[in-house]
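Structure first, then comments.
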Amino acid sequence: MMRIAIVGAGIVGLAASHALLDKGHQVTLVDPGNNQQRPTDGNAGWIAHMDVMPLASPKAWRNLPRWMMDPLGPLTIRPAYLPALAPWLLRFVLASSPARIKSSIAAIRTINAEALPSWKALLASLSLDGHLREKGILSVWRDRNHFLRAEDIIARQKNFGIPLEVLTPEDLKEIEPALHSIEAAVLYPDGCHVSDPALLAADLLRLALERGAMLVSAKALAVEPASDAVHIRTDGAVKDVTADRVLISSGVWSRALAKQLGDNIPLDTERGYNATYAKGAFGLSRPVMFEGEGFVASTLDTGDRVGGAVEFAGTQTPPNHERTSAMITRLKRFLPHLDENQPAKRWMGFRPSIPDSLPVIGQARRDKRIIYAFGHGHHGLTQAAITSRLVTELIEGKPRSLDVTPFSAQRF
């Protein structure tokens, strides 16, 4: 048995806590709590294991000029933040070469292929199967020409053995009559989502504590290796958490801790926006990706959520919910019955984003007793369960289920 401290009680840290408890380890979660911007609580709730493309891809570059012309569109950079973002953008451009895209696709497919089986195993072991909604996921296009440009991506998915069905507008109308202005659609029948990401996280935390994990409500200020142990300095009542191994999984806030440990990670935040309406307001029966529009719709147990957009502005700039309003206006093109005036809960959160769209999973440069698991971007929920297995293997020094070399912190 080892004493293991996990910095960050988001979805990745929580999944890891259970994987480590399963192995009989003593687990301490270090997390300040009350972080309204962590993506664990406000994401779309998708287990998007059928995704194979990195953000740096032909799909993104095709849409980028149109998006950047609209200050309230799917992707924007606040001008004042551009100097700070410049190194990230340079790496994003480098990650867009054909060779890099090919290697990123291979790595994304490898980890995403294990995403759903890993979640099903984790949820079943904790009797939390009731959180999973296996209703499929739709991708839709309002312009058939744009759909035809995506045929290479669909062909890749088919080659990977990902089940999908190309639908005609008439087929779509039969299964989702509320949708309008759609010229092409693809159904991923084994795509799924969860009841609500915040509810799932709350259950995972509750059960971890019931199983013997401890929670230190504090912010980790530093992770300091010593000969006898690894020490976490905090700003809370417990100033020093001592562990045999430390897992850093605190999203965008992991960057500063990694830098202390000799790893300069190009980690930034894609600020995402959403609005959650009353359950049933959209009239949809499954989640929908609106291709080229920069947003998705989710049918959660707690309400219907439209979310997406990418804004680069750091963690200190206040939200701009004009972006949320613009997203809702665009959604009404497809769901004209939606009442824009209905009260909706609005939210903005910080996706931890790496330029090549691959998470950081591996050992710290300075000390192999410290493991990283952060930077999952849009796939934090999707990849959390398989990540928990990989970090457990790293912590225990066991053979890896998957090759984690593409996710190394030292790849930069």
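Worth saying up front: this structure is predicted, and the values here are computed from it rather than measured.
Phe147 places a side-chain heavy atom less than 4.5 Å from the side chain of Ile154. Looking at heavy atoms from C-beta onward, Leu338 lies in side-chain contact with Leu331 at the 4.5 angstrom threshold.
Under the side-chain contact (heavy atoms from CB on, under 4.5 Å) test applied with Val12, the options Ile6, Thr40, Thr387 reduce to a single match, Thr387.
Salt bridge Arg333/Glu293: present, at least one basic N to carboxylate O contact under 4.0 Å. Classification of Arg109 and Asp51 as a salt-bridged pair fails, no side-chain N sitting under 4.0 Å from a carboxylate O.
Ring geometry for Tyr273 against His321 counts as perpendicular: the plane angle is over 60°, on a 0 to 90° scale with 30° as the lower cut. By the 30° and 60° cut-offs, the orientation of the rings of Phe350 relative to Trp253 is perpendicular. Ring geometry for Phe312 against Trp88 counts as tilted: the plane angle lies between 30° and 60°, on a 0 to 90° scale.
The side-chain hydrogen bond (donor to acceptor under 3.5 Å, both in side chains) search around Thr299 returns none, not counting sequence neighbours. In this structure, the salt bridge (Lys or Arg N to Asp or Glu O under 4.0 Å) partners of Asp263, at least two apart in sequence or on a different chain, are Arg365. Every side chain to side chain contact (heavy atoms under 4.5 Å, CB included) that Arg389 has, sequence neighbours left out, goes to Glu114, Ser118, Ile386, Glu393, Ser401.
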Side-chain donor-acceptor pairs under 3.5 Å in residues 208-217, sequence neighbours left out?
{"residue": "Glu210", "atom": "OE2", "partner": "Arg206", "partner atom": "NH1", "Å": "3.3"}
{"residue": "Arg211", "atom": "NH1", "partner": "His18", "partner atom": "ND1", "Å": "3.0"}
{"residue": "Arg211", "atom": "NH1", "partner": "Asp22", "partner atom": "OD1", "Å": "3.2"}
{"residue": "Arg211", "atom": "NH2", "partner": "Asp22", "partner atom": "OD1", "Å": "2.6"}

Distance-only donor-acceptor pairs under 3.5 Å for side chains of residues 89-99, two or more places apart:
{"residue": "Ser96", "atom": "OG", "partner": "Trp61", "partner atom": "NE1", "Å": "2.8"}
{"residue": "Ser96", "atom": "OG", "partner": "Phe92", "partner atom": "O", "Å": "2.9"}
{"residue": "Ser97", "atom": "OG", "partner": "Arg100", "partner atom": "N", "Å": "3.2"}

Would you mind writing out the side-chain donor-acceptor pairs for residues 219-229 within the sub-3.5 Å range, not counting sequence neighbours?
{"residue": "Glu224", "atom": "OE1", "partner": "Arg233", "partner atom": "NE", "Å": "2.7"}
{"residue": "Glu224", "atom": "OE1", "partner": "Arg233", "partner atom": "NH2", "Å": "3.3"}

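Side-chain contact of His231 with Asp240: a donor-acceptor pair under 3.5 Å is present, judged by distance alone. Side-chain contact of Tyr188 with Glu165: a donor-acceptor pair under 3.5 Å is absent, judged by distance alone. Between the side chains of His49 and Gln383, no donor N or O sits under 3.5 Å from an acceptor N or O. Side-chain contact of Thr76 with Glu311: a donor-acceptor pair under 3.5 Å is absent, judged by distance alone. Side chains of Arg346 and Ser325: a donor-acceptor N/O pair is present below 3.5 angstrom, by distance only. Side chain to side chain, Thr315 and Gln37 fail the donor-acceptor criterion of an N or O pair below 3.5 Å. Under the 3.5 Å distance criterion, with hydrogens and angles disregarded, no donor-acceptor pair is assigned to the side chains of Tyr372 and Gln363. Using a 3.5 Å distance cut-off with no hydrogens or angles, the side chains of Asp268 and Ser353 do not pair a donor with an acceptor. There is a side-chain donor-acceptor pair under 3.5 Å between Trp46 and Ser298.
Residue Arg156 places its CZ atom among 12 or fewer non-hydrogen atoms of other residues, nucleotides or ligands, all under 6.0 Å distant.
Listed for the Arg255 side chain is a donor-acceptor partner under 3.5 Å among the backbone atoms of Leu267.
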